[in-house]
Novice: 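I am attaching a structure below and will ask some questions about it afterwards.
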Amino acid sequence: MKNKTSFHPQGEACPSRCPDNSAFKQQRLPAWKPQLTITAVLSTFFLTGMFCLSVGVCLILSANSIKEIQIDYSDKCSDCSKLRENSSNWNKECHCSVNFTLKEDILGDVFMYYGLQNFYQNHRRYVISRSDAQLLGRNVNNSYCAPFTTYQNGTPMAPCGAIANSMFNDTVDLFYNLNSSVIQVPLLKTGNSWWTDKNVKFRNPKSYNLSSAFAGTSRPPYWQKPVYLLDEEDERNNGYVNDDFIIWMRVSAFATFRNLYRRVRRIRQFADGLPAGNYSFHISYNFPVTKFKARKHVILSTVVWSGGSNPFLGIAYVVSGAAATLAGFIITAIHLKLRKRKTYFQK
């Protein structure tokens with residue numbers, strides 16, 4: 001069988017699948033072909049190394065300037081922990097206090113986090129156990145939420161899924177012990193979540209009030225109250241748009257993580273931050289962790305222009321800069337050795 005042929009505009013014959021005689025298809029477009037001289041290559045390596053080293057040192061110094069205190073209350077609230085391990089005590093309240101001392105002032109904006117250690121949120125079944133459509137206020141059933149979808153009597157759970165069911169629900173208040181008086185530190189519970197989460201990804205069902213919007217649904221098994229009572233004082237922070245709930249639904253990739261819980265309101269004695277002195281956390285203990293050998297922390301921390309207390313990015317820049325600089329010196333040594341050998345043979 002003979003191949004079909006076609007003719008270019010210039011009259012040359014070629015197979016039928018030959019590209020058109022255009023500058024693009026025949027690769028005749030003008031192009032920049034840099035000449036990689038030894039000067040250009042070494043300059044690139046050394047400049048990149050200096051840049052990465054400078055940025056890395058700045059990031060590390062910035063992260064080290066953060067003031068932070070971390071309190072582990074897993075053992076200090078052991079009585080409450082034992083009470084919570086028995087599921088029949090789910091409706092019994094348990095409170096504990098943890099005292100600590102700030103040796104120096106923490107100036108500026110102070111953030112309060114809760115931290116969990118050895119709590120794995122990255123399991124595939126756990127990560128997908130949610131209904132994004134339901135969190136947008138739609139009345140839908142999602143098979144991914146199973147087994148936390150409905151109760152045996154058919155009543156749907158709101159919100160459904162393993163992520164929502166395991167929401168962190170300890171309550172933490174901070175008190176300042178000034179002389180013989182005890183002052184509660186004012187904390188902000190709103191404005192802690194991302195704007196896109198609060199206004200785009202999470203919405204309450206439409207109704208004249210939240211209790212009617214969630215009529216016919218029931219709380220998840222491990223919750224102590226329904227979703228429309230998460231914040232009875234502020235309707236804009238209630239239901240699916242509650243900041244604590246939104247932050248918990250953004251799962252962590254690692255077993256040890258922290259989530260933003262509150263921000264210190266800068267008024268009165270705390271206008272400049274937290275003054276040095278004696279403090280105490282008053283904790284309503286609701287979240288059991290001893291069965292899976294986890295730990296719970298409360299963290300008070302400041303932030304800087306580069307973020308929180310995490311030196312990883314700075315270390316990564318320093319390592320990259322050191323590698324680029326070392327590569328530059330190796331290339332320089334090889335170039336000088338080859339040039340010396342070339343000069344020797346020319347003689």
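Remember, it's a predicted structure, so these values are computed and weren't measured experimentally.
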Novice: So does Asn169 get a backbone contact from the side chain of Trp223, meaning a donor-acceptor N/O pair under 3.5 Å?
Specialist: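 No; zero donor-acceptor contacts below 3.5 Å.
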Novice: Tell me whether Asp75 is salt-bridged to Arg295, with the criterion being a basic N under 4.0 Å from an acidic carboxylate O.
Specialist: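 Here Asp75 pairs with Arg295 in a salt bridge, since their nearest N and O are under 4.0 Å apart.
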Novice: Could you tell me if the side chain of Ser280 sits less than 4.5 Å from the side chain of Asn177, heavy atoms only?
Specialist: yes
Novice: Can a cation-pi geometry be assigned to Lys76 and Phe281, taking NZ or CZ under 6.0 Å from the six-membered ring centre and within 45° of the ring axis?
Specialist: no
Novice: Are the charged groups of Asp243 and Arg236 less than 4.0 angstrom apart, N to O?
Specialist: no
Novice: Quick one: NZ on Lys225 to CD on Glu232, what's the gap to the nearest 0.5 Å?
Specialist: 6.5 Å
Novice: Parallel, tilted or perpendicular, judged at 30° and 60°: which one describes the rings of Phe100 and Tyr279?
Specialist: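 Parallel.
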Novice: Looking only at atom types and distance, does a side-chain atom of Ser43 sit under 3.5 Å from a main-chain N or O of Ala40, one as donor and one as acceptor?
Specialist: no
Novice: Report yes if the side chains of Glu93 and Ser284 come closer than 4.5 Å at any heavy-atom pair, otherwise no.
Specialist: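 Glu93 does not reach Ser284 side chain to side chain.
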Novice: Can you tell which of Phe119, Phe202, Tyr240, Tyr261 makes a ring pair (Phe, Tyr, Trp, His ring centres under 6.0 Å) with Trp248?
Specialist: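 So, applying the ring pair (Phe, Tyr, Trp, His ring centres under 6.0 Å) to Trp248 and each of Phe119, Phe202, Tyr240, Tyr261, only Phe119 qualifies.
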Novice: Drop me the distance from Leu336's CG to Ile331's CD1, to the nearest 0.5 angstrom.
Specialist: 12.0 Å
Novice: Is Phe148 close to Cys160 at the side-chain level, that is, under 4.5 Å between some pair of heavy atoms?
Specialist: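 Of all side-chain heavy-atom pairs linking Phe148 with Cys160, none is under 4.5 Å.
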Novice: Tell me whether Lys201 is salt-bridged to Asp132, with the criterion being a basic N under 4.0 Å from an acidic carboxylate O.
Specialist: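 Between Asp132 and Lys201 there is no salt bridge, as every charged N stays at least 4.0 Å from the carboxylate O atoms.
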Novice: Is the count of non-hydrogen atoms from other residues, nucleotides or ligands lying under 6.0 Å from Glu235 atom CD greater than 12?
Specialist: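 Not more than 12 within 6.0 Å, no.
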Novice: So for atom CG, which belongs to Asp272, do other residues, nucleotides or ligands contribute more than 12 heavy atoms lying within a distance under 6.0 Å?
Specialist: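 At most 12 heavy atoms, drawn from other residues, nucleotides or ligands, come within 6.0 Å of this atom.
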Novice: Do Leu230 and Asn237 have side-chain heavy atoms sitting under 4.5 Å apart?
Specialist: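 No, side chains not in contact.
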Novice: Does any N or O in the side chain of Asn286 come within less than 3.5 Å of the main-chain N or O of Asp170, such that one atom is a donor and the other an acceptor?
Specialist: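 Such a contact is absent between Asn286 side chain and Asp170 backbone.
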Novice: Checking the side chain of Gln26 only, and the main-chain atoms of Asp20 only, is there a donor and an acceptor separated by less than 3.5 Å?
Specialist: yes
Novice: Answer yes or no: is there a side-chain heavy-atom contact under 4.5 Å between Phe175 and Ser97?
Specialist: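 The answer is no; the side chains never approach within 4.5 Å.
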Novice: Between Cys77 and Cys96, is the SG gap short of 2.5 Å?
Specialist: yes
